[in-house]
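Everything on this sheet refers to the single structure shown next.
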Number of protein chains: 2
Amino acid sequence: MQTRKPHKPRGGDAQPGQTAPKGAARAEGSGASHAPSGHAAAAHGAPPRVTLNHIAAYAGVSRATVSLVLRKSPLVADETRAKVDAAMAELGYVYNRRAANLRSGASRTIGLVLCEITTPNYAQLTSGIDDVLDGEGYVAFITNSEEDAARQRRLLVRMQEHGVDGVVLVPAEDTKAEVFDDAHCGNLPRVVAQRRVEGFSGDYVGPDYGAGMELVTEHLIGLGHRHIGFIGGVRRIAPLAERLAGFRRALRRHRLKSGPVVPCAVLDRADGYAAARDLLAAGDHPTALVCYNDVVAFGVMLALAERGLTPGKDVAVVGCDDVAEAGLHRPALTTFTTDPRVVGREAARLLLRRVENPSRPPEQIIVPPRLIIRQSCGAAPGQRGRAAKAAPPLSRRRAGGPTP
Amino acid sequence: MQTRKPHKPRGGDAQPGQTAPKGAARAEGSGASHAPSGHAAAAHGAPPRVTLNHIAAYAGVSRATVSLVLRKSPLVADETRAKVDAAMAELGYVYNRRAANLRSGASRTIGLVLCEITTPNYAQLTSGIDDVLDGEGYVAFITNSEEDAARQRRLLVRMQEHGVDGVVLVPAEDTKAEVFDDAHCGNLPRVVAQRRVEGFSGDYVGPDYGAGMELVTEHLIGLGHRHIGFIGGVRRIAPLAERLAGFRRALRRHRLKSGPVVPCAVLDRADGYAAARDLLAAGDHPTALVCYNDVVAFGVMLALAERGLTPGKDVAVVGCDDVAEAGLHRPALTTFTTDPRVVGREAARLLLRRVENPSRPPEQIIVPPRLIIRQSCGAAPGQRGRAAKAAPPLSRRRAGGPTP
DNA sequence: CGACTTTTTTAGATCGATCTAAAACTTCGC
DNA sequence: GCGAAGTTTTAGATCGATCTAAAAAAGTCG
C-alpha cells in the first residue's frame with residue numbers, strides 16, 4: 001500500500017513527537033500587490049492525516065471508489081459502500097475539502113466583509129447569514145473592515161485567495177462602486193447588504209429605511225404633531241439620504257413644512273446629545289424629533305431630560321433600528337425595526353442563488369420596516385397609534401419566558 | 001474563456017455571458033458520519049483563473065521561479081523578480097491559497113465556534129480575535145453553535161474539513177471535555193475561551209469572574225451593606241460557579257453571612273425580574289443585590305421600581321459584564337467589565353502561539369476584571385467608593401467625542 | 001455460448017500551488 | 001582555461017481529492 005516514499009519504509013501509524021524544523025525564514029518584502037497577503041509561512045510537524053488512499057487500501061478498493069462513496073454516488077454497490085464506510089469509521093477519516101475543492105471548483109465557503117462587527121445589529125445580520133449557511137453546509141469567513149475602504153479592499157482579495165464561492169459585503173463608508181474591480185473579484189458572486197453603494201447595480205439586500213422613516217413620521221403626525229425636526233447626520237453613507245427622504249415624504253404628504261434638520265458628525269449618543277442641546281438652546285424647538293437612529297435618540301432624550309423636558313410628554317422622540325436597548329430605556333423608545341437578521345438571511349439566500357447561477361438577473365431585496373410603538377412618542381401604551389402592532393414595554397422578541 | 005473542452009482553442013480574455021449547465025443532481029444520503037458534511041456539490045462554470053503557469057509563461061520563466069517570487073525568496077535575482085511582478089500585475093493574478101496549502105500544510109485560517117453570536121459581548125470577543133488575526137494575515141471561519149453541543153461537534157468537524165490551522169471554542173452549555181475527541185480533532189491546536197470546560201486542561205483564556213464578583217461585593221460592603229443577596233442562575237455553565245464563589249469569598253472575608261441566593265432558570269431580564277419580585281414579596285429583603293450579570297440586574301431593577309423602591313437608594317444593585325446598556329440605563333448600573341475584546345485578542349494570540357509550536361505547555365490566561373462604579377450601587381458620583389476608578393455616568397469607552 | 005447491455009470499479013490525468021534535488025549559469029582563484 | 005564555489009533557475013514529484021474514459025464484472029438473451 002502507498003508508502004509514497006520510494007525507499008523509506010514507513011513505521012506504524014501513530015508517530016508522535018516528530019521534531020520538525022522550527023521557525024522559517026521570515027522574509028517580509030516590499031509588499032508587491034500580488035504576493036500572497038500575509039507573512040511567511042510557519043508550517044509545522046503536521047499530524048499524519050488519513051487520506052482516501054488509506055481508506056482505499058484498508059477497504060481493498062480503489063481511491064476512485066472511495067471518492068464515489070464519499071459523494072454518495074448511486075453507482076457503487078451497497079456491499080462496497082458498506083465496506084468503505086466501515087473503513088472510514090475505523091481509521092477516523094476526516095474529509096479534506098481543500099483538496100476536493102482544488103479539483104472541483106466550489107469550496108462551500110463564502111466571505112462576509114462587515115464594516116463593523118461589534119454593533120448588535122451587525123451581529124444579528126451575521127447570525128442570520130450563519131443560519132442559512134449552516135443549513136446548506138457552508139461556512140463563512142467573517143472579517144471586519146472597520147469602515148476602512150482600503151482594508152476592505154485587502155480583505156476582499158484575501159477572501160479570494162481562500163477561494164470563497166462568493167461574498168456578502170456590508171460596505172465601509174467611502175465604498176465606491178468600483179470596489180469589486182479594485183479587489184480583482186472578476187466574476188466572483190457578490191451581494192451588497194444593508195447599505196447601498198452608489199452606482200452599484202448588482203444584487204442588494206437591505207432594509208427600507210425610507211419607508212420606516214415615513215412610518216414613524218406618519219405616526220407622529222397622527223398623534224397631532226405639526227412641528228417635527230430631524231436629528232441626523234452628514235456622513236457619506238447611503239442610508240442617511242434614504243432616511244431623510246422618507247421623513248420628508250411623510251411631511252409632504254400632509255403638507256407640513258419640515259422642522260429643523262440638525263446635522264451630526266458621528267451619529268452616536270454624544271453627538272445626538274450635543275445636537276439636541278444646541279437645538280433646545282436656540283429656543284422654539286419642535287414638538288417632535290425624528291432621529292437618525294436609536295443611539296442618536298438616546299442622546300437626544302438625555303439632552304431633553306437635562307432641560308427638564310420629559311421625552312414622550314413634552315417632546316416626542318423616535319428612532320430607527322430597534323436596538324436591544326430601545327425597549328429597555330426609560331422612556332422606552334418608539335422606533336422601527338430594520339430586521340437585520342432577516343436581511344442577513346435574505347442576503348445569504350440570494351448569494352447562494354447567485355453562486356448556483358451566475359447569469360441570473362440582479363435582484364434587489366428590500367426588507368419592510370415594522371413600527372414599534374413605545375413611550376417616547378407620547379402614545380401611552382393602551383392608547384396605541386393606528387399604525388401598527390405595538391410592542392410591550394419590554395420587548396420580548398429575544399428570549400423566551402414571560403416578560404413582566 | 002475556459003470552455004473546458006479539450007480541443008477548442010483559447011480565445012481572448014473577456015468573454016461574458018457563458019451559459020453554463022444549470023443545476024446539479026441533488027443526492028442526499030443517509031448521513032454516514034464520515035461523508036463530507038453538507039450537500040451535493042453545485043459546481044459551476046468557473047471564471048478563468050490566472051495561475052502560476054500563466055505568469056510563468058508570460059514572464060518567460062519557470063513556474064518554480066514564480067513561486068519563489070511569490071514567497072519573497074531571496075534566491076531570485078532582482079531583475080527576474082521585477083519581470084515576474086510585472087507579469088502578475090499585468091495578468092491580474094490572485095494567489096490560490098488552497099492549492100498552496102494542499103502542498104504545504106498551514107492554511108492561515110482558524111475556526112471560531114461561538115455558543116452565541118448576537119450577544120454584544122461575543123461580538124466584542126469576535127472583534128478582538130479578528131484584530132489579531134488580520135494583523136497576522138489570518139482569516140477566521142466563524143460559526144454559531146447556538147448552545148447546542150451536537151451542532152458544536154458538527155461545526156468542529158466542518159472546520160477541520162476546511163483545514164483550519166486551529167480553533168477557538170467558546171463552548172456551548174453542556175460541553176464535555178471530550179468534545180475535541182468526539183469531533184475527531186486529533187492534534188488540532190485549540191483554545192477554549194470565555195467559559196471553562198470541566199476536565200479540559202488545555203489552553204484557556206477567560207475573564208476572572210470570581211475576582212470581579214469579589215470586587216463588586218467588596219464595594220457594596222465598603223458602602224456599608226451587611227445584608228447582601230445574590231440573584232443568579234442554575235445553568236450548567238462554569239461561570240456561575242466562579243461568580244458565586246467570588247461573591248462568597250468577599251463575604252467570608254468580612255465575616256458576613258450570605259443573604260438569599262435566588263436561582264434563575266434562563267438568566268435573562270425577565271428571569272431577573274421574576275426572581276427579584278419573589279424575593280421582595282417574601283419581605284425582609286437584603287439591602288443590596290449582586291446579580292449574575294447585567295441583564296439579570298436590569299430585570300431586578302425593574303422589579304424594585306415596580307415595588308416603589310429606587311435602585312441605588314433603597315436597594316443597591318450591581319451586575320457583571322458591563323454591557324453597552326449598563327451605562328445607559330437609569331440608574332446607570334454599577335458592574336465590572338469582563339473585557340471580552342481583550343479575551344478575544346489573547347485567545348487569538350495564544351492560538352497562534354500554539355499553532356507555531358504544538359508542543360509548548362498549556363497556558364491559562366485570566367483577564368482581570370475592572371470595577372465600574374455608577375449609580376445603581378448608591379455610591380453617588382463624586383462620592384466614589386475606594387475600590388477603583390469610577391466611570392462617568394455615560395460610559396465613554398466606545399465612541400470618541402465629548403460625553404455629556 | 002458469445003454478443004450485448006448494464007452495472008460497478010478503476011487507472012491515470014488533473015486542479016494550482018510547494019518542495020526537492022539537480023541543472024545551468026556566474027564568478028573566481030590559480 | 002578549468003574546476004571549485006556560489007548564485008539562479010528549473011524539471012518533476014507531490015499534496016488529496018475529483019473527473020474522465022475505459023476496463024472489468026455481472027446480467028440478458030436469442
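By convention in this document, chain letters (A, B, ...) are assigned in the order of the sequence lines, proteins followed by strands, and residues within each chain are numbered from 1.
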Which atoms of nucleotides 7-11 of chain C (N or O only) lie under 3.5 Å from a protein N or O atom, and what are those distances?
| residue | atom | partner | partner atom | Å |
| --- | --- | --- | --- | --- |
| C:dT9 | OP1 | A:Thr80 | OG1 | 2.3 |
| C:dT9 | OP2 | A:Ala77 | N | 3.1 |
| C:dT10 | OP2 | A:Ser62 | N | 2.8 |
| C:dT10 | OP2 | A:Ser62 | OG | 3.3 |
| C:dT10 | OP2 | A:Thr65 | OG1 | 2.7 |

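Between A:Arg151 and B:Asp134 there is a salt bridge, with a side-chain nitrogen of the basic residue lying less than 4.0 Å from a carboxylate oxygen of the acidic one. Taking the charged nitrogens against the carboxylate oxygens, B:Arg345 and B:Asp131 do have a contact shorter than 4.0 Å, which makes a salt bridge. Electrostatic pairing of B:Glu161 and A:Arg108 does not count as a salt bridge here, judged by no charged N lying under 4.0 Å from a carboxylate O.
When the C1' atom of D:dT20 is taken as reference, atom CZ of A:Arg71 falls 11 Å away, rounded to whole Å. Rounded to whole Å, the distance from CG on A:Leu102 to P on D:dC15 is 14 Å. Here the P atom of nucleotide C:dT18 and the CG atom of B:Asn96 are 10 Å apart, to the nearest Å. Between A:Tyr95 atom OH and D:dA17 atom C1' there is a gap of 7 Å when expressed in whole angstrom units. When rounded to the nearest whole Å, the span between CG of B:Asn53 and P of C:dT18 equals 12 Å. Counting to the nearest Å, the P atom of D:dG16 and the NE2 atom of A:His54 are 8 Å from each other. Nucleotide D:dT9 holds its C1' atom 15 Å from the CG atom of B:Leu52, rounded to whole Å. Distance B:Arg49 CZ to C:dC15 C1': 11 Å, rounded to the nearest Å.
Judged purely by atom type and a 3.5 angstrom limit, B:Arg71 uses its side chain to pair as donor or acceptor with the backbone of B:Ser67. The backbone N or O of A:Leu188 sits nowhere less than 3.5 Å from a side-chain atom of A:Arg354 that would complete a donor-acceptor pair. With hydrogens and angles ignored, the 3.5 Å screen pairs a side-chain donor or acceptor of A:His54 with a backbone N or O of A:Thr51.
Dashed line: the shortest gap from a side-chain N or O of B:Arg103 to OP1 or OP2 of C:dG16 is not under 4.0 Å. An OP1 or OP2 oxygen of C:dG16 is reached within less than 4.0 angstrom by no side-chain nitrogen or oxygen of B:Arg97.
The rotation axes computed at either terminus of the helix from C:dC1-D:dG30 to C:dC30-D:dG1 lie 60° apart, taking five pairs at each end and rounding to 10 degrees.
Side chains of B:Asn357 and B:Ser359: a donor-acceptor N/O pair is present below 3.5 angstrom, by distance only. Using a 3.5 Å distance cut-off with no hydrogens or angles, the side chains of B:Asp165 and B:Ser107 do pair a donor with an acceptor.
Residues meeting the side-chain contact (heavy atoms from CB on, under 4.5 Å) test with B:Ala347, sequence neighbours left out: B:Val168, B:Val191, B:Ala193, B:Val205.
The residue B:Ala100 sits close only to the backbone: its heavy atoms come under 4.0 Å of sugar-phosphate atoms, none of a base.
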